[in-house]
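In what follows, a structure is listed as structure tokens, so that the remarks can point back to it.
No experiment lies behind these values; they were computed from the predicted model shown.
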Number of protein chains: 2
Amino acid sequence: MSEKPVSSAGLRRDMEILEVLAGHGDGPDADGFGVNWIAQRLGREKSQVSRALRALEAEGMVERDPVTRRYRLGWRLFSLAARTQQSRLVRVAEPFLRHLATLFDEDTHLCVLRGEMVLTLSSVPSSRAYHRIWEGVSVPVIMAAAGRSLLADWEDEQIRELLRAALPSGLDSAIGGEEQWLADIEHVRTAGYAVTDVELEDSAAGVSAPVREHRGLIAAAISVSVTRTPAESRMREMGAVVAETARRLSTALGLPPGAPGSGADRSPDPAGSAGGR
Amino acid sequence: MSEKPVSSAGLRRDMEILEVLAGHGDGPDADGFGVNWIAQRLGREKSQVSRALRALEAEGMVERDPVTRRYRLGWRLFSLAARTQQSRLVRVAEPFLRHLATLFDEDTHLCVLRGEMVLTLSSVPSSRAYHRIWEGVSVPVIMAAAGRSLLADWEDEQIRELLRAALPSGLDSAIGGEEQWLADIEHVRTAGYAVTDVELEDSAAGVSAPVREHRGLIAAAISVSVTRTPAESRMREMGAVVAETARRLSTALGLPPGAPGSGADRSPDPAGSAGGR
DNA sequence: ACTTATTTTGCGCTGAATGCAACCAACCGC
DNA sequence: GCGGTTGGTTGCATTCAGCGCAAAATAAGT
């Protein structure tokens with residue numbers, strides 16, 4: 001009659017504490033929070049919070065600045081998440097891919113970037129008959145429909161470098177020149193998806209959108225290949241849907257609500273003058 | 001003298017469970033883990049694990065596949081992890097790592113010191129095929145390529161202490177003796193980077209350089225592992241580039257242009273942070 | 001259907017978390 | 001130096017929540 005004894009009290013308390021520590025935005029955001037502040041915010045006993053925090057620290061869930069005595073989230077959370085993110089990606093993405101595959105009735109793929117190659121992790125085929133199996137196959141990033149989405153966070157300079165290295169011959173016209181690429185990528189940054197016309201023979205055209213993991217980095221891309229190219233407007237429609245799906249997948253992977261385009265901080269050029277090769 | 005009332009029992013149990021869920025590599029890696037398997041692996045009561053998992057699920061720390069009934073880490077954990085200090089560091093460092101990875105076409109890592117272990121925060125793989133995933137994994141500081149860079153600000157005496165504690169057997173020759181270490185570290189202080197020959201099997205050799213945060217303290221290290229060892233001179237070239245990149249990253253983190261060697265204040269007693277005991 | 005494998009639940013008992021208050025330690029202005 | 005204020009830890013009796021055992025429920029084979 002009272003309530004459900006669903007979750008244990010101690011755990012709930014710990015989670016509340018972690019949530020407070022995670023919550024940037026209110027209070028002295030500067031760095032970390034003191035015991036008293038947390039206790040007051042949760043309406044709990046100081047002693048309780050103090051002890052809980054010491055336990056959490058012993059486990060590495062939080063860490064304490066030795067000088068300011070303030071707590072913040074610890075390395076253990078990061079470590080746990082980082083080790084699992086990889087395997088989690090495919091599993092969590094599957095229903096999203098299937099949704100798109102049935103919605104458009106086109107082959108839908110999940111791709112990741114490895115070096116300068118795009119690796120297809122999983123595919124959901126359309127209802128139409130045989131398809132080429134892409135799972136486990138790598139193709140050069142400039143050839144893949146998902147390429148533009150996967151590179152969206154790269155510095156323009158790095159992209160140019162990659163393109164110049166990967167476009168030895170006069171293929172420029174075939175897959176679009178450097179400027180076309182940069183324009184496409186800018187489109188990914190603003191609109192959230194990419195539209196490609198002609199690249200690999202098998203997947204003539206397609207739309208793709210970047211998927212971000214918990215840290216906000218682009219971890220993968222959803223790519224829908226289109227066999228018979230529809231009208232331009234239709235492609236854009238599809239792109240918007242794919243982008244939205246990719247965004248929801250990102251959230252399911254733990255990406256916090258903020259910074260969808262990751263416009264947060266385009267960090268300064270790491271290359272600089274270090275040209276030596 | 002029986003035991004230490006360090007950490008609470010329930011929390012420790014929960015952490016052990018999470019650690020099992022994060023640890024893919026043994027057991028039915030495929031998808032999550034069942035209650036029984038976890039209980040057996042931890043040597044705990046099934047009932048205990050069952051209840052703990054339900055509580056963790058209610059908090060979103062783990063999630064259960066409704067059909068296979070297996071557990072795996074949940075969105076809440078990832079969401080929290082995204083807001084750690086380490087995540088911020090990773091996000092800022094990523095383009096710098098990528099720059100090095102493409103420049104050398106070698107795996108590039110960002111590592112931090114945690115107690116006497118080196119935790120790899122993020123890795124950017126080279127174009128060459130499959131590599132071991134190091135993200136979220138810790139290795140002893142004496143085994144890591146980044147170790148020398150991370151310890152560069154320590155007092156010689158403390159380094160000796162650490163080495164003596166960490167070198168129980170006759171490994172000295174394998175990874176270089178005390179004096180070799182101190183010489184290497186002195187090299188980091190003067191030249192800004194470290195070169196290591198043979199440590200972990202997987203990352204045979206590499207170069208690394210320390211990254212400093214706004215106060216000038218070493219917060220992390222960039223480490224480029226080299227699979228096929230190139231000539232000595234080439235390694236030194238790479239070292240210089242890595243050091244320069246690390247310095248740019250430091251600046252991006254808020255380090256003022258001055259005091260690159262941070263000879264400013266060799267902090268008197270960092271020993272307080274010593275881990276287990 | 002039966003048998004096995006896996007997970008959940010009921011329930012006394014014990015140990016660990018709770019809350020209060022006292023205690024400790026900085027920090028601040030004077 | 002002193003009293004005051006803020007921030008954090010510790011001692012201790014009470015009490016409640018988690019523990020383990022075993023039995024019930026559920027799923028999965030055969």
Checklist line | Bending between helix ends of the helix from C:dA1-D:dT30 to C:dC30-D:dG1 [5 pairs per end, 10° resolution] | finding: 50°

Rounded interatomic separation in angstrom, taking [atom1] from [X] and [atom2] from [N]:
{"X": "A:Leu53", "N": "C:dA17", "atom1": "CG", "atom2": "P", "answer": "15 Å"}
{"X": "B:Glu45", "N": "D:dA23", "atom1": "CD", "atom2": "C1'", "answer": "13 Å"}
{"X": "A:Arg44", "N": "C:dG19", "atom1": "CZ", "atom2": "C1'", "answer": "13 Å"}
{"X": "A:Arg13", "N": "D:dC16", "atom1": "CZ", "atom2": "P", "answer": "17 Å"}
{"X": "A:Leu11", "N": "D:dA17", "atom1": "CG", "atom2": "P", "answer": "14 Å"}
{"X": "A:Arg12", "N": "C:dA17", "atom1": "CZ", "atom2": "P", "answer": "18 Å"}

Item checked: Under 3.5 Å: donor-acceptor pair, side chain of A:Arg64, backbone of A:Arg69 -> yes

Note to self: Any side-chain to backbone donor/acceptor pair from A:Arg215 onto B:Arg91? Under 3.5 Å, distance only.
What the structure shows: no

Next item on the list: State, yes or no, whether a side-chain contact exists between A:Val92 and B:Trp75 at a heavy-atom distance under 4.5 Å.
Entry: no

Checklist line | Electrostatic pair A:Arg88:A:Glu213 at N-O distance under 4.0 angstrom | finding: no

Next item on the list: Determine, for nucleotides 4-10 of chain D in 5'-to-3' order, which nucleotides have protein heavy atoms under 4.0 Å from the base (write B), from only the sugar-phosphate (write S), or from neither (write -).
Entry: ---BBSB

Notebook entry, point to check: What residues form a ring-ring contact (aromatic ring centres under 6.0 Å, His included) with B:Phe78, not counting sequence neighbours?
Noted result: A:His214

Checklist line | Passing candidate, salt bridge (Lys or Arg N to Asp or Glu O under 4.0 Å) with B:Glu63, options B:Arg72, B:Arg70, B:Arg54 | finding: B:Arg72

Next item on the list: Check the pair A:Glu59, B:Glu16 against side chain to side chain contact (heavy atoms under 4.5 Å, CB included), reporting the backbone distance first and the verdict last.
Entry: CA-CA 10 Å; A:Glu59 296 295 339; B:Glu16 285 177 3; over 6 Å; no

Margin query: I'd like to know whether CD of A:Glu244 has more than 12 heavy-atom contacts from other residues, nucleotides or ligands below 6.0 angstrom.
Written below: yes

